[in-house]
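If you read the sequence from its start, that first residue is 1, and numbering goes on from there. In listed order, ligands and their atoms are each counted from 1.
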Amino acid sequence: MNTIKLRTFTLAVLAAASAPALAQSQTVSMPVPDEASIPKGPMGDAVKRGKALLTDTRKQLPSNVGNGLNCTSCHLNAGTTAYASPWVGLAGAFPEYRSRSGKVISLQERINDCFQRSMNGKPLAFDSSDMNAIMAYMKWLSTGVPTGTNVAGRGFEKIDMSLKPDPVHGKSVYTAQCASCHGAEGQGTKNPQGGYIFPPVWGKDSFNVGAGMARLYTAAAFVKHNMPLGRGGSLSAQDAVDVAAYFTQQPRPDYAARVNDWPRLCENAPFA
Ligand code: HEC
Ligand code: HEC
């Protein structure tokens with residue numbers, strides 16, 4: 001492949017990696033169902049159990065979580081916040097092709113990806129009651145979203161990937177805008193129960209190097225729209241890229257299976 005072809009190919013794969021299948025699918029609004037619509041009986045109990053597992057993951061699933069996070073540390077407000085990778089509509093979006101895996105994957109596989117990477121832990125068995133409860137919650141969250149469509153706000157806000165990162169400036173953004181909650185050493189702020197009020201962004205209790213949040217522009221897109229918490233959208237895109245360049249490069253748990261990522265691309269990591 002010559003350089004230009006390789007570059008075009010790489011960019012196409014990058015676009016696919018950060019915005020799953022958006023090009024092919026119709027975009028619809030993001031309806032969040034009312035809690036009162038959770039049915040009574042075993043199905044409703046599963047939906048509620050699923051929500052509890054996703055919001056209190058570290059405590060509820062200690063054998064599957066290897067850090068200090070809950071799923072909702074990133075998927076804000078129980079997976080209902082647009083541009084914080086919401087779970088609304090995912091029941092009809094998967095199975096889906098993912099470039100990181102190089103194949104079509106199920107929603108269960110995608111969930112386990114986050115258990116192994118974002119939570120630095122272990123996968124759930126596909127037929128376990130815990131996995132079924134998580135699937136039940138995501139299915140209920142997808143009420144009214146037509147199969148094969150994407151909700152507006154799926155994934156993260158687009159970020160200009162031509163912005164050049166400056167981690168030195170990023171450190172000063174971090175100190176001024178993030179350290180009050182996430183700690184000067186990225187260690188987070190603990191609560192008396194042993195969990196975190198403000199989760200760590202690096203160190204042993206953080207996501208591992210194979211996580212989506214460890215990728216500079218993914219982290220920048222999350223931060224730009226959602227952080228500082230309660231003041232999302234206040235950072236410039238450049239400041240978001242700079243602060244992401246700083247915190248993604250700090251020490252965090254390793255992920256050995258990362259060498260198998262992006263099997264269809266010439267290099268394993270398509271972007272830093
Ligand atoms: C450290 C932040 C973080 C945590 C914690 C986290 N995730 Fe994720 N999750 C992400 C990112 C980032 C993406 C998008 C990754 C990408 O673009 O490659 C994502 C994507 C997903 C998706 C696919 C969304 C879509 O639109 O296709 C699902 C499902 C998901 N996560 C479930 C979970 C579950 C379940 C947990 C807890 C076991 C969890 N996540 C914990 C960061 C996180
Ligand atoms: C007011 C406190 C506060 C400030 C300031 C703040 N955050 Fe957060 N941040 C949070 C909370 C709380 C969560 C988890 C949300 C939840 O559990 O509902 C979070 C989640 C995160 C996450 C995903 C979870 C993790 O720990 O990896 C990242 C990354 C992050 N913040 C980065 C930043 C960056 C970068 C800044 C500065 C630009 C920042 N935050 C400023 C409170 C804050």
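Residue contact check: S118 has heavy atoms under 4.0 Å from atoms 3 (C), 4 (C), 5 (C), 6 (C), 7 (N), 41 (C), 42 (C), 43 (C) of ligand 1. Counting atoms of ligand 1 from 1 in the listed order, those under 4.0 Å from a heavy atom of S85 are 19 (C), 20 (C), 24 (C). Atoms of ligand 2 found under 4.0 Å from any heavy atom of V223, numbered from 1 in the order shown, are 35 (C). Near F94, meaning under 4.0 Å from one of its heavy atoms, ligand 1 places the atoms 27 (O). Counting the atoms of ligand 1 from 1 in the order shown, those under 4.0 Å from a heavy atom of M119 are 5 (C), 37 (C), 38 (C), 41 (C). Listed by number with element, the atoms of ligand 2 under 4.0 Å from a non-hydrogen atom of C74 are 23 (C), 24 (C).
Residue contacts with ligand 2, taken as heavy atom pairs separated by less than 4.0 Å, do not involve Y174 at all. Neither the backbone nor the side chain of N70 comes within 4.0 Å of ligand 2, counting heavy atoms alone. In L90, the part holding a heavy atom less than 4.0 Å from any atom of ligand 1 is the side chain. Residue S73 does not touch ligand 1, judged by heavy-atom distances below 4.0 Å.
The heavy atom nearest to atom 18 (O) of ligand 1, considering only R100, R98, E96, is found in R98.
The protein heavy-atom contact nearest to atom 1 (C) of ligand 2 is C181 SG, 2.8 Å.
The nearest N, O or S atom of N226 is not closer to atom 8 (Fe) of ligand 2 than 2.8 Å. Counting backbone and side-chain atoms alike, H182 contributes an N/O/S atom closer than 2.8 Å to atom 8 (Fe) of ligand 2.
Looking at ligand 1, you'll find an N or O of R215 within less than 3.5 Å of one of its N or O atoms. For ligand 1, the polar-atom distance check finds an N/O of R154 within less than 3.5 Å of one of the ligand's N/O atoms.
Within the structure, the closest approach of G230 to ligand 2 does not fall below 4.0 Å when heavy atoms are considered.
Annotation: angle subtended at atom 8 (Fe) of ligand 1 by H75 NE2 and C114 SG is 180°, to 10°.
Under 3.5 Å, the side chains of D205 and Y196 contain a donor-acceptor pair of N or O atoms.
For the pair N112 (side chain) and P123 (backbone), a donor-acceptor distance under 3.5 Å is absent.
Cluster annotation: W87 and V28 are assigned to the same hydrophobic cluster (Ile/Leu/Val/Met/Phe/Trp/Tyr, side-chain heavy-atom contacts under 4.5 Å, transitive).
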